[in-house]
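Have a look at the structure below, then the notes.
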Amino acid sequence: MKFLRLVQILVMGVAVMVGASQTVLGQTLRVKSNPTDSTILVSLNRAVVVESDVPFAELSIANPGIADIATLSNTSIYLLGKAPGGTTMTLLRGDGSLIASVEVLVTADLGEFKGLLREILPSEPIEVRAANDGIVLSGQVSSAAKLDRALQLAERYAPGRVSNLMVVGGTQQVMLKVRFAEMQRSVSKSLTGSLGLRGTVGQASGVTVVEGATNSLMTNAAVQARNGLISTSFGVGNLQMQIALEALEAKGLVRTLAEPTLTALSGQKAKFLAGGEYPIPVVDVDRNVTITYKPFGVELNFVPRVVDGDQINLNLTAAVSSIDTNITVSNGGYALNAFKRRETSTTLEMRDGESLAIAGLLQDDFRDSANQVPWLGDLPILGALFRSASYARQQSELVIIITPHLVNPIRGDAFVLPTDRIRLPSETDLFLFGKVGHPTTGAVGEVARQDFNGSYGYVME
């Protein structure tokens, strides 16, 4: 028995010597002969040596799963932290009287954690404290990304027991400017010939119309007025003939520009809608009609996150929609229009003030058709009267550009409102000179007087 006891003491001594060569280890704590409770802090998976002023006869630990003990002598105790938590160690004399009741608190190794935290985030003033069996982080960090790194490192030492009291400093408000720019150009040309004959034989009369691709009816009296229509008529006896030639060319140019701007706090969702809501009747199985509304206009939804310094993560959805009066559908006896919608949804990272084209569309639609009366349409010169041709081309180009900015509030009088650009007229200006309003002076007035001239859009032949 004495030999086994000697071996145990030697093993414990070696363990203490090994622990003494490591950081924050080899601490020797002293327990005084006092029945009043005291507390001993032990790092997880680390050991300390506890010295008692009074020789003890019995030693016990309330929860061996949290801390393990071994006696090195009748006054020395080897204490090992096994799991985060708290337990109680009791020391008794030979007569059973209490020497001391010590609270043992096992926590993560904050010394090693603090060292790694200083190496990984040297410029961040993060404070580390132990709280029961967990870690408390406090202080101000420069970005959300560095806050996440500190939390991830703390989770390695106290999984699920990290309290975050850190705050992110710096500018955390993001203003997003989105520019929608769209140009549409359309050209259509058509040429249609028609020939009408009218004759009377006895009491019978008849009308014959031969035309290329129209549904118009030519009569001997008059031709219905239409754009680009040239007609003539002549007769020989009871036979009357009318010739019509219709040529039409149409051009159109549409320019769409929208620049919504919205500001939101980092990590918070923001929504913007400039437009309206279109009522849509819905008929159920009982023929009851309810009205639902579909929004249209300029829509912007985004969630900004300032991840590091001036680097911004954006989760963005942007759309421009309008009512299309060219397409009409019927629902329960109601005539409803369709919608035109251009939408994009994406996630990206940018720096303050940088711009990026997140979506673009170049579309070119072409249609060419020719209709004619068989054989007659192939005749030279006169064949134009029995033939129709149409040509249509439509091009559109769309681009969506976004620019995020980190912003701070400013004084309200520094803003220029759209209503500031026009000064209301006086009674003299209105009644004597007919002025309904004119630009103000200074920089605001200069903006109000700006005009946009020059070539833009598509040039198509």
**Message:** What verdict does the side-chain contact (heavy atoms from CB on, under 4.5 Å) test give for Ile126 and Arg118, after you've listed the backbone C-alpha separation in whole Å, the side-chain angles of each residue and the deciding distance to 0.1 Å?
**Reply:** CA-CA 9 Å; Ile126 301 176; Arg118 285 192 295 267; over 6 Å; no
**Item:** Chi angles and distances behind the side chain to side chain donor-acceptor pair (under 3.5 Å) call for Ser52, Thr75
**Value:** CA-CA 5 Å; Ser52 175; Thr75 58; over 6 Å; no
**Request:** Tell me, with the steps shown, if Thr403 and Ser355 meet side chain to side chain donor-acceptor pair (under 3.5 Å).
**Result:** CA-CA 5 Å; Thr403 306; Ser355 296; 2.5 Å; yes
**Item:** Steps toward side chain to side chain donor-acceptor pair (under 3.5 Å) verdict (Gln311, Asn313)
**Value:** CA-CA 7 Å; Gln311 189 173 1; Asn313 178 282; over 6 Å; no
**Asked** Please walk me through it: do Gln395 and Gln184 pass side-chain contact (heavy atoms from CB on, under 4.5 Å)?
**Response** CA-CA 6 Å; Gln395 288 184 323; Gln184 297 180 0; over 6 Å; no
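Between Glu299 and Arg341 there is a salt bridge, since a side-chain N of the basic residue sits under 4.0 Å from a carboxylate O of the acidic one. Salt bridge present: Asp364 and Arg393 bring a charged side-chain N and a carboxylate O closer than 4.0 Å. Of the charged side-chain nitrogens involved, at least one lies within less than 4.0 Å of a carboxylate oxygen, so that Glu182 and Arg342 count as a salt-bridged pair. The existence of a salt bridge linking Glu112 and Arg46 is confirmed by a sub-4.0 Å separation between a basic side-chain nitrogen and an acidic carboxylate oxygen.
Residue pairs meeting the salt bridge (charged side-chain N to carboxylate O under 4.0 Å, His left out) criterion with at least one member in residues 134-157, sequence neighbours excluded, are Glu124-Lys146.
The aromatic rings of Phe339 and Phe296 are tilted relative to each other, their planes meeting at an angle between 30° and 60°.
Using modelled atom types and a 3.5 Å distance limit, the side chains of Gln173 and Thr263 yield no donor-acceptor pair.
Under the 6.0 Å cut-off for aromatic ring centres, Phe302 and Phe272 do not qualify, their centroids lying 6.0 Å or more apart.
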